Structures are given as C-alpha cells and as structure tokens.
Amino acid sequence: MNEELQGDQKLNKLRLAELAEKQAQLAAIVNSSDDIIVSKTLEGIITSWNPTAERVFGYQEREAVGRHISIIIPPDRLAEEDYIISQIRNGKKIDHFETVRIGKDGKTVQLSITVSPVIDESGKIIGASKIARDISAQVTSQNAARKYTERLEIMNMVMSSISEELDLNKILQKVTDATTNLTGARFGAFFYNKIDEEGESYMLYTLSGAPRDAFDKFGMPRNTAVFHPTFSGERVVRVDDITKDPRYGQNSPHFGMPKGHLPVVSYLAVPVISRSGKVIGGLFFGHPDHGRFTEEHEILVTSIAAQAAISLDNAKLLEEVMALNDKKDEFIGLASHELKTPLASINGYLQILGRRIAGTEHQLFLDKALHQVSRLTTLVNDLLDISKIEAGKLKLRIDAFDLKKIIEEAIELIQQSVSAHTITFKSNVEQCLVNGDAQRVEQVVINLLSNAIKYSPLANRVEVELRREAEKVVVSVKDFGPGIPKDKLKSIFTRFYRVDEAAPNISGLGIGLYLANEIIIRHSGEIWSESEVGKGSTFYFTIPVNIT
Ligand code: ADP
C-alpha cells in the first residue's frame, strides 16, 4: 500500500514538473512574441499583459493587470467590447477584427485582433485571450496610397477639364478652385498677366475661398521681395510662416500685409510659365495657420500650373485668331463697300457708251464688258451681304409674293446667258403666294441655278421643280454634274467652303450657298442638298406657307 502511494506521488511530481516546464515554455513564447497577447476575465478585467502590450500601449504589466480592458478602448468604441464578450460567452472566436485602441499617451493604434475563449479543465469559459497585431504602419500606408490615388484622380480631372477649355476666365477659375482645394488652402488666387490690343500689360485675377471684395481694395500685388520670385518666374516660395520670413515686410507703404488683408501665415506661391518661357502669372495660396503647405502640395500645384500654362497659351492663340477673323470681316466689309461706288460708275458710263455705239461693230465688246461688270457687281454684293450678316444687319423686306413667278424670272435671266444647258421647270400650282423678301429669295434661286450650270459643264440640262405641300413649298434644282461627296454635303453651306477636288478649275469664293442658307433660315425654311457622286446633285429649299 505504502509503496503504491509512494509510486503515485512520484508520478504526480513528474507530471507537475512537466506542467511547469510547459508553462514556462508558453510564458517564454508569450513574452517574446511580437504580437500583443492579453487575457481577461468575462467581466473584462485584465489577467495577463505581455511585453509587446507594454510597448504598444505604454502600460506596464503591473499597471494593467487587475484593471478593466476599457483603459485601452476609445470611448466611442466601448460597445465593441460588449459585442466581443457576448461572442466569447457563446464560445465563439473573433478573427482578424480591425479596430482602434488608445495607448497611455492618448495616441491611437490601429490593430488587427483575434479573440478566443479561455476554457478551464471542466470545459467552462472563464475568460478571453486576445492576440493583436499593430497595423498602424500598414493602415497609414494604405491611407497614403488612397489619398494619393484620390489626388491623382482629382488632378487628372482638373487637367482634362482645363485642357478642353478655351475660355480664359474659366480656365483661371477652374485652376484656382482646384489647386486651392488640393492644397487645403483657406484661400487661393491666380494672378494672370494679360497684354491688351495696344500691347499694354494688365492683370486679371481669380479667387477661391474669399469674396472678390476682400482683395479688390488692395490693388494688384506689386513686385515686392515676397512676390518677386513668383513674378520673375525664379522659383516656388513655400513658407510655414510668411510673417517671420526675412523677405516679408520690407516694402513701403504697408511693410507687410495691408491692413484688413486676409490673415496669411502659411504661404505658397507658384509661378505659371508659358511654353515660350515667359512668366504669365502666379498661383498664390494662404492659410491663417502655421506650416500648412507640404512638398507634396508644391509638386501638385506645379504640375497643374504647367498644364494651365498650356491651356492659357491655347486660349490666347484662339483669342488672337478670333481677333484676326474680326479684322478680316471688317476688311471684307470695307473693301466691298469701296468697290461698289466705282463699279456703279463704270456701269453707268458703259450704258451711256452703249447708247452711242448701238448697232455698230463695237456693240459686241460693250455687251461683254457689261456682262463682266454685272458678274463683278454680284460678287461685290455677295461680299457686302456677308459683312451685313456678320454684323447682324441683313434686313429682309417681307411682303407677299408669287414664288412661282420669281422662279420663272430667275430661269429666264440665267437661260439668256447660257446656251449649253436647257433649264426645265415643273410646278404643281398655278400660283404660289408666300411671305418673304422676293429679291432675296430670287437671289437664292439664281445662286442654285448658276451653281447647277457651273458645276455640270458636261451636262445639258437642269431641272427645277416647285411643289406646294400642305404647310410649305419645296423648291428643287437638279443637275447632272459630278455630284458632291456625302461627307461634304453639310460643309458646302459654310462660309468660304469649297469642295476643291470636285471642281479644281471652276472659280468661286465659296459664299453663294452660305448666303442662300442665311436667307432661307431667315424665312424659317430649310435648305439642303442630296447628291450621288457621278450622277449629279439636287438642292432643295423650303419656305413655310401661312394658311390664313
Ligand atoms: P462657289 O460656287 O463660289 O464656290 P458656293 O457657296 O455656291 O460657292 O458653293 C460652295 C461649294 O459647293 C462649291 O465650291 C462647290 O464645290 C460645291 N457645289 C455647289 N453647288 C454644286 C453643284 N451643283 N454641284 C457640285 N458641287 C457644288
């Protein structure tokens, strides 16, 4: 019996030693783990706290053990603990739960935690063990990557939106708004040097984050020590506190910011330089707090400024082209006006001469001269009409007239000077009264007829038709010439447009159809062309009929 007892005691001792060894091993693992390993009771009282927990949270083991786990839970996340404990009570494990905890110094730590129930020998759940990994660095880099992507997206958006824009003021405003937003500046401004028509330079500016009257009273920035590097295009200026900068406050009369100026402490200014290397402006940002602008902001604004410079150059080029275009219109107007008077005199003198030499051998030359004068008069009149349209001064004299009669007269006029072509006319009505400017509509018909003949030199007929429908009249002029390619059918109605390859030897200015279109539009009608290359073209126009 005794021997038996002694044997049992030996065995127990052995087991205890084994157990102690295992516990020591476990403790060593827990102590040397890089993960936070903490256990607590079901009431949330901390029962163990490893060295990594000490390092991450700043509480020593003796400070933490015995206290409630809520010492490391941010107040707005206390409910999480109730949830965790309820899961544990039900014997459930929580895996890789990402959350935030606070250390002794109040700093937040991003954690990924796994919580498992602790079960005693009888199978009862007596607490929870928590293994947590500090993922602050990972979260920070994820956040940085997200922020970076967001910024890239915003930048792309800004870049593409300003590259599409050709309106100077809109570009300036978009760039100011976007860069102010991206830098987190309280206010931003874009000062842009503009040269007016007389070559005088002046400044335009746009603001973001501040009303215009906050700046208007100060006038434009002068070339002070602070502004100089920007307006000379030397470099970017980024200062945490501009009021402490040696360049600040050196110039009279204000010696610093003028009274009432928006408060600027953090300051960032980026020159905007055109492709030609000329400084065309500067972007300025301010914030009332210290040290708000970073190197990243500087890089962002510099890239947008480079894109803005390109768009501003384009807008400037467009303005120049438009100004030249206006000048050209002005010249056409003046020139045609000047040509009209001598032409009228030549015509008058030729008529007088005509009466004197009527019936003589010279009559033929005179007729030819008169014909050329009439061609020239039509051209000059067309050019004058163009400038009237551009100036919005093309007036119509509206009256009721018989469109059928007008077409017949136009055909007669053209047929007189044409021998190779026969012009036929078909109408579904005896008379066709419409409201409009008879002379202008006749001008359209003459133009379509002249083109039909001019552009079908190898054909021998032109067919004209008038069709009175319920609410409109449709007039068509059909020729049997080489036709017009489909992709050009719309363009031929624009100013100065000619289909070169179709008629390389036929002269013209490309204004007849433009005028025809403008006239028909003013009659609330429509004009278009249908054509098949090699077969000919048909030009149509409609004029609405007012049924009273
Ligand atoms: P212009 O005849 O003085 O060039 P228009 O404005 O009358 O100017 O016509 C514009 C262009 O349309 C012409 O240059 C010509 O290429 C094309 N076009 C006009 N009418 C015809 C037609 N009947 N057949 C083929 N091409 C035509």
Side-chain angles (χ1 to χ4, degrees), residues 325 328-329 332 335-336 339 343 371-390 394 407 410-411 413-415 417-418 420-426 439-466 474-523 525-542:
N325 207 28
K328 183 199 69 198
D329 285 344
I332 292 177
S336 42
L339 286 170
L343 251 181
H371 177 67
Q372 294 304 329
V373 168
S374 130
R375 274 188 63 190
L376 208 55
T377 312
T378 312
L379 263 177
V380 169
N381 283 338
D382 279 359
L383 283 173
L384 258 178
D385 284 348
I386 287 226
S387 26
K388 279 188 202 154
I389 288 172
E390 291 311 310
L394 186 82
I407 295 174
I411 293 176
L413 187 85
I414 299 288
Q415 189 71 80
S417 54
V418 171
H421 295 74
T422 307
I423 309 170
T424 61
F425 181 43
K426 235 169 51 183
Q439 220 182 330
R440 289 291 181 191
V441 175
E442 186 177 18
Q443 189 182 344
V444 173
V445 179
I446 290 177
N447 195 279
L448 296 183
L449 284 172
S450 315
N451 276 352
I453 287 161
K454 188 162 85 164
Y455 292 106
S456 69
L458 302 177
N460 59 8
R461 66 197 158 106
V462 170
E463 293 173 2
V464 183
E465 191 181 342
L466 179 151
V474 187
V475 177
S476 62
V477 177
K478 182 180 171 77
D479 68 57
F480 300 88
I484 304 161
K486 286 235 160 358
D487 58 328
K488 309 275 164 57
L489 281 176
K490 279 221 163 70
S491 317
I492 55 175
F493 294 97
T494 54
R495 206 157 54 128
F496 308 130
Y497 187 89
R498 308 199 68 224
V499 187
D500 293 332
E501 68 269 29
N505 308 317
I506 302 172
S507 68
L509 293 179
I511 50 183
L513 290 180
Y514 169 72
L515 286 178
N517 187 39
E518 294 291 325
I519 292 168
I520 295 301
I521 288 173
R522 281 165 176 73
H523 282 84
E526 276 179 277
I527 186 166
W528 72 98
S529 169
E530 289 170 11
S531 182
E532 203 175 319
V533 173
K535 294 211 166 145
S537 324
T538 309
F539 282 79
Y540 297 87
F541 73 83
T542 62

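Atoms within each ligand, like the ligands themselves, are counted from 1 in listed order. Sequence positions, counted from 1, serve as the residue numbers for this chain. In this text the structure is predicted, and so the values were computed from the model without any measurement.
- Atoms of ligand 1 found under 4.0 Å from any heavy atom of L509 (numbered from 1 in listed order, with element): 3 (O).
- Residues K454 and S507 approach most closely at NZ-O, 3.1 Å, considering heavy atoms.
- A distance of 6.0 Å separates CD1 of I332 from CG of L383, quoted to the nearest 0.5 Å.
- The option with the heavy atom closest to atom 4 (O) of ligand 1, from among R498, R495, K478, is R498.
- With H523 contributing its side chain and V441 its backbone, the two residues share no donor-acceptor pair below 3.5 Å.
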### side chain to side chain contact (heavy atoms under 4.5 Å, CB included) assessment of L509 paired with D382
CA-CA 10 Å; L509 293 179; D382 279 359; over 6 Å; no
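- Close contacts between ligand 1 and K454 involve ligand atoms 1 (P), 2 (O), 3 (O) [criterion: under 4.0 Å to a heavy atom].
- Between the side chains of D385 and Q443, at least one donor N or O sits under 3.5 Å from an acceptor N or O.
- Numbered from 1 in the order shown, with element, the atoms of ligand 1 that lie under 4.0 Å from a heavy atom of D479 read 22 (C), 23 (N), 24 (N).
- Checked by distance only, ligand 1 and S507 stay at 3.5 Å or farther apart across all their nitrogen or oxygen atoms.
- For ligand 1, one of its N or O atoms has an N or O atom of V499 under 3.5 Å away.
- Judged by distance alone, the side chain of T542 and the main-chain N or O of E526 form a donor-acceptor pair under 3.5 Å.
- At a 4.0 Å cut-off, not a single heavy atom of K488 sits close enough to ligand 1 to count as contact.
- Here L513 has heavy atoms under 4.0 Å from ligand 1 in both its backbone and its side chain.
- Checked by distance only, ligand 1 and I484 stay at 3.5 Å or farther apart across all their nitrogen or oxygen atoms.
- For the residue pair H421 / S456, a side-chain donor-acceptor distance below 3.5 Å is found, with atom types taken as modelled.
- Taking both residues in full, the closest heavy atoms of L449 and V462 are given as CD2-CG1, 4.2 Å, listed atom of the first, atom of the second, then distance.
- Across A452, G510, G508, heavy-atom proximity to atom 8 (O) of ligand 1 is greatest for G510.
- Taking only nitrogen or oxygen atoms, main chain and side chain alike, F539 does not reach within less than 3.5 Å of ligand 1.
- The distance from ligand 1 to the heavy atoms of I511 drops below 4.0 Å at these ligand atoms: 6 (O), 8 (O).
- Remark: ligand 1 atoms within the under-4.0 Å shell around heavy atoms of S537 are 24 (N).
- Interatomic distance, I453 CD1 to L448 CG, rounded to the nearest 0.5 Å: 11.0 Å.
- Of the options F496, Y455, Y497, the smallest heavy-atom separation from atom 10 (C) of ligand 1 is shown by Y497.
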